[in-house]
Amino acid sequence: MTLLSTLNPPQRQAVTTTTGPVLVLAGPGSGKTRVLTHRAAYLIQELGVEPWRLMAVTFTNKAAGVMSERTAALLDSPQGLRGMILGTFHSICARFLRMQAVAIGLNPRYVIFDSDDQLQVVKQALRDLNLDEKRYNPRAIHAAISNAKNELLTPETFPITTHHEEIAARVYARYQHLLALSSALDFDDLLMRAVFMLRDHEPIRRQYQQRLQYIMVDEFQDTNSAQYELVRLLAEGQRNVFVVGDEDQSIYGWRGADFRNVERFRQDFPDAKVILLEQNYRSTQIILDAANALISRNFHRTPKKLFTDRGAGVKIVLHQAFDEQDEGNFILDEIVRLQQEGAAQPGDCAIMYRTNAQSRAVEEAFIRRGVPYRLVGATRFYNRREIKDALAYMRLAHNPHDDVSLRRVINVPPRSIGAASVDRLSSWAATLDASLYTGLRLLGGDAEPELAARAGVHPFSGRARTALMHFYTLLQGWIAAGSVLTPAQLLDRILDESGYRDWLQDGSEEAQERWDNVLELRTVSAGYDDLPRDQALAAFLEEVALVSDVDDYEASSNAPTLLTLHAAKGLEFGVVFITGLEEGLLPHSRSLEDPDGMEEERRLAYVGVTRAANRLYLLHTFRRSAWGRSEPSAPSRFLRDLPASVTSGHRPGSAHRRMTTWGREPQAPASRHSPSNRLQFSPGQRVRHPTFGEGTVITSTLMGGDEEVSVAFRSQGVKRFLASLANLKPV
DNA sequence: TGTTTCGACGTTTTT
DNA sequence: CGTCGAAACA
C-alpha cells in the first residue's frame, strides 16, 4: 500500500475512514490537500469506487485543478478520474442546473450574471418601482438580496422589520422577476436554485443521492447556509460525507460563510468521526509561535496545539517604512538580497495585502526596478470594458433575452440608438412583461400572433425603428451562428459585423492594448472549439462567468506573487511579506467597531502569517496615502500581540502613543509637543541628515542623557540616531 | 443623438 | 483618485 506510506497516522486515518460522516479539523499546513487527494485515490484505486460516484467541492477552480492533477498522479490508470464531480460549489451547481433545467422549469440557455450585472438589475428594479437610487443605495440593497439568498430566503420569506427591509423585499421580488425575464441566474441563485431543486423534486434528489456514494468538501469553514444545505441534502443518502475545515481560517463571513457550520455538521451527523490534523509541515516554529500568539486572542474558537519538527528558523522581520512607496522599495531590496544570499528565489516570495488598492504601490516598485512579478486578481481581465462588451455580444448570441447584455451593447459602437429609444423599448417591453429582445421581435414582426395582438401599435418613429431593426437583424444572424460556429469563429464574426473592431481601433496606444485584450479573449474561447457546437458556447460562457482571481495564477515563472490575503488562502510560499499592518487597514476600518468583524480580521492576519514556510516580514508604514491624500498611520494592534522572542527589527509598541499624538497634528511646531524642553527634536519635525537627506522625525526620547531620534526617510525607511552623533539639522 | 464636463461618492475582502 | 450619472453643449 504505497498510497498510504507517506502519510502520518491521523492523515492515514482521515484517508481510510471512508464509511460514514467524517469531520477533519485541519490546521494550516497540516497536509489537508494531501489527505483529500489520497482519499480520492484510495477510494478509486483500493476500494474500486467508480469515479463518477465521487464528488469533491473545492474553494476555487484552481484548487479543483490541483486536486484533479495530483489525484490522477496517484492512480495507476491514466484516465482514472473520469466522471468525478469536482469543482467549486458554484460551478457544480451550474452544471446540475443545466442538466436538470427542463425538469425544473429553467431555460437551459440561462446566463450567469456577475456582480456588475447584478447591480444593473438592482438599479433597473429600483427604477421600475419608482424608488430613488439616491435614497436607497443599490449596493446596500444588492447586499441584502445576496445575503437573503445565501440564507435561502425568497422574496416571500424575507423577514421585514424595518423600512429598509420592506424596500429590500420589494426590490428583491422585482429583481428576481427581471432575472427571470432575462433567463438569467446570479451567483447566489446557482446555489439557492440547486438547493430548491433537490428539496422540491424528490426524483432528482434520489437520483443524486444514489449516485453520490462519496462526498468531500474542502474549506468547510467557509460554507454558507445554502452550501451547507446542499451538502446535507446530497449526503443524506449514503452519509459518506467528508468535510475538512479550520475555523481559524474562516475569512468569508461577509459573504454569508459561517464557521458554525462545523458545529451544525456535528449536530446533523452526530455519529461523525472527528479527526484532528495538528502537525504542521510548512512553517518554522517561530512562524507558528507568531501565528498562535495572534489567533489565541480570538474568543470564538477551540484551542489547538499546532506543532512542527522543522526547528525554530529565522526571526520574523518587523519593519516600519516611511510610506507605501518606501514599503515597496523595502520589499524589493529584501527580495534582491535574499536571492543574492541564496536564501530564496524570487518565485518563492509573496506580497500580501488587505485591499487590492494596495497592490499599486508595490507594483510600481517592481516596475521601477524592472523586476517581473505576478499579480493575482485586482484589475481583473474579465472586468475590462472591452472584454465585457465582447462577452455581452456572445451572451446575446446564446440567450438574446439577457437584457443587461443587450442594454450594454445595443449602442456600442454608436448605432443611433440613444437613451430615449432604449427607454421607449424598455417601457414598451415592460407593459408586455417581456424582455427587450421580445420587444425587438415584435417590432420586426417575428413574434407570436397572440403576443403581437396584445402589443398593439409600436411607439417608434421611422428612424428609430430602422436603427433598432438594423441591430435586430445583426443579432438574429449571431443567434443563428451561435449553434454552427465555434466560439472563436462566432466572436470573429461579431467583432466584424458589429463594427466593434473598427470602432475600438482608433489608432491610439490604449486602443491597441484593448484590442490585444479582445484577442486574448479570443484565445480563451478557442479552447472550446473541440466541444460539440451546441455545447461549446454555453460551456465557454459558464466557465468565464465562474473563474476566480486565483484561477489564472501561474506557478511556473520565477517571479514574486502579489495577492490579497483572501486570495492567499490555501497557498504556501517560502517568503511572505504582509504589507499595511496598520489600524484601519488590517484590521480594516469597517471592522473596528464590530467584535465579530475584528475576529475575522485577526483570522485574516493568521491566514497570511501561516502561508509562510521560512521567512515572514510584517510591514507597516509611517504614513500612507488613500484617496489621494497622505495620512499618518498607526501600527496594527496585531503587531503588539507578537511575543518579542519571535521578532527582530523595530517593535512598534512603544512608539504607538507618540505616533497617534503626531497623527492628530502632523504639522505641529516642534516645541509644543516636546515632553521636555531638553529635547532638540520632536515628532513631525523635518530634519536633514548628511547621508540620508531630508526626513521626518517620528519619535524622540531621552536615552541615558543623550537624545535618541528616529527619523523616517522617503527612500531609506526609518533610521534611529543619537542626536549627539548624527549631525541632524532642522530644516 | 453624441460628446464633454462637473460634482458626488466610494473601497474591504469574491463566487 | 476614478467611476458614474446628470447636466450642458454641439
Heavy-atom donor-acceptor pair, [X] side chain to [Y] backbone, under 3.5 Å:
X: A:Asp186; Y: A:Phe113; answer: no
X: A:Glu133; Y: A:Lys123; answer: no
X: A:Thr466; Y: A:Gly462; answer: yes
X: A:Asp402; Y: A:Val404; answer: yes
X: A:Ser636; Y: A:Leu586; answer: yes

Can you measure [X] atom [atom1] to [N] atom [atom2] for me and round it to whole angstrom units?
X: A:Leu571; N: B:dT14; atom1: CG; atom2: P; answer: 13 Å
X: A:Leu592; N: B:dT11; atom1: CG; atom2: C1'; answer: 15 Å
X: A:Asn147; N: B:dT14; atom1: CG; atom2: C1'; answer: 13 Å
X: A:Glu599; N: B:dT13; atom1: CD; atom2: C1'; answer: 18 Å
X: A:Arg127; N: C:dA6; atom1: CZ; atom2: P; answer: 8 Å
X: A:Asp132; N: C:dG5; atom1: CG; atom2: P; answer: 14 Å
X: A:Ile417; N: B:dT1; atom1: CD1; atom2: C1'; answer: 12 Å
X: A:Glu542; N: B:dT15; atom1: CD; atom2: P; answer: 15 Å

* To do: Measure the spacing between CZ of A:Arg624 and CG of A:Asp323 and express it to the nearest 0.5 Å.
  =>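 Rounded to the nearest 0.5 Å, the CZ-CG separation comes out at 8.5 Å.
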
Closest to side chain of [X], choosing from [options]:
X: A:Arg255; options: B:dT15, B:dG2, B:dT13; value: B:dT15
X: A:Arg139; options: B:dT1, B:dG2, B:dT11; value: B:dT11
X: A:Thr88; options: B:dT1, B:dT15, B:dT13; value: B:dT15
X: A:Phe187; options: B:dG2, B:dT13, B:dT15; value: B:dT15

* Structure fact -> Between A:Phe89 and A:Asn411, whichever has its closest DNA chain B nucleotide further toward 5' is A:Asn411

* Upstream residue (5' side of DNA chain B) when A:Ala464 and A:Leu604 are each assigned their closest nucleotide ->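 Closest to the 5' end, via its nearest nucleotide, is A:Ala464.
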
* Which one is paired to B:dT11, where only Watson-Crick or G-U wobble pairs with both distances under 3.5 angstrom count? ->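 Paired with B:dT11, as far as the under-3.5 Å criterion goes, is no nucleotide at all.
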
[X] side-chain N/O to [N] phosphate OP1/OP2 under 4.0 Å:
X: A:Ser625; N: C:dC1; answer: no
X: A:Lys123; N: C:dG5; answer: yes
X: A:Asn356; N: B:dT14; answer: yes
X: A:Arg360; N: C:dG2; answer: yes
X: A:Asn137; N: B:dC9; answer: no
X: A:Thr564; N: B:dT14; answer: yes

* If you look at every strand shown and take non-hydrogen atoms under 4.0 Å, does A:Ala419 touch a base, only sugar-phosphate, or nothing? ->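 Answer is nothing: A:Ala419 stays at 4.0 Å or more from every strand.
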
* To do: Mind checking A:Ser589 for me? I need base, sugar-phosphate or nothing, with any heavy atom below 4.0 Å counting as a touch.
  => nothing

* **Between C:dC4 and B:dT13 - C1' atom distance, rounded Å** =>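 Taking atom C1' in both B:dT13 and C:dC4, they lie 23 Å apart.
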
* Asked: Going by 5.5 Å between centroids and 30° between planes, is there a stack of A:Tyr252 over B:dT14?
  ->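 Stacking is absent between B:dT14 and A:Tyr252, given that the ring centres and planes do not meet under 5.5 Å and under 30°.
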
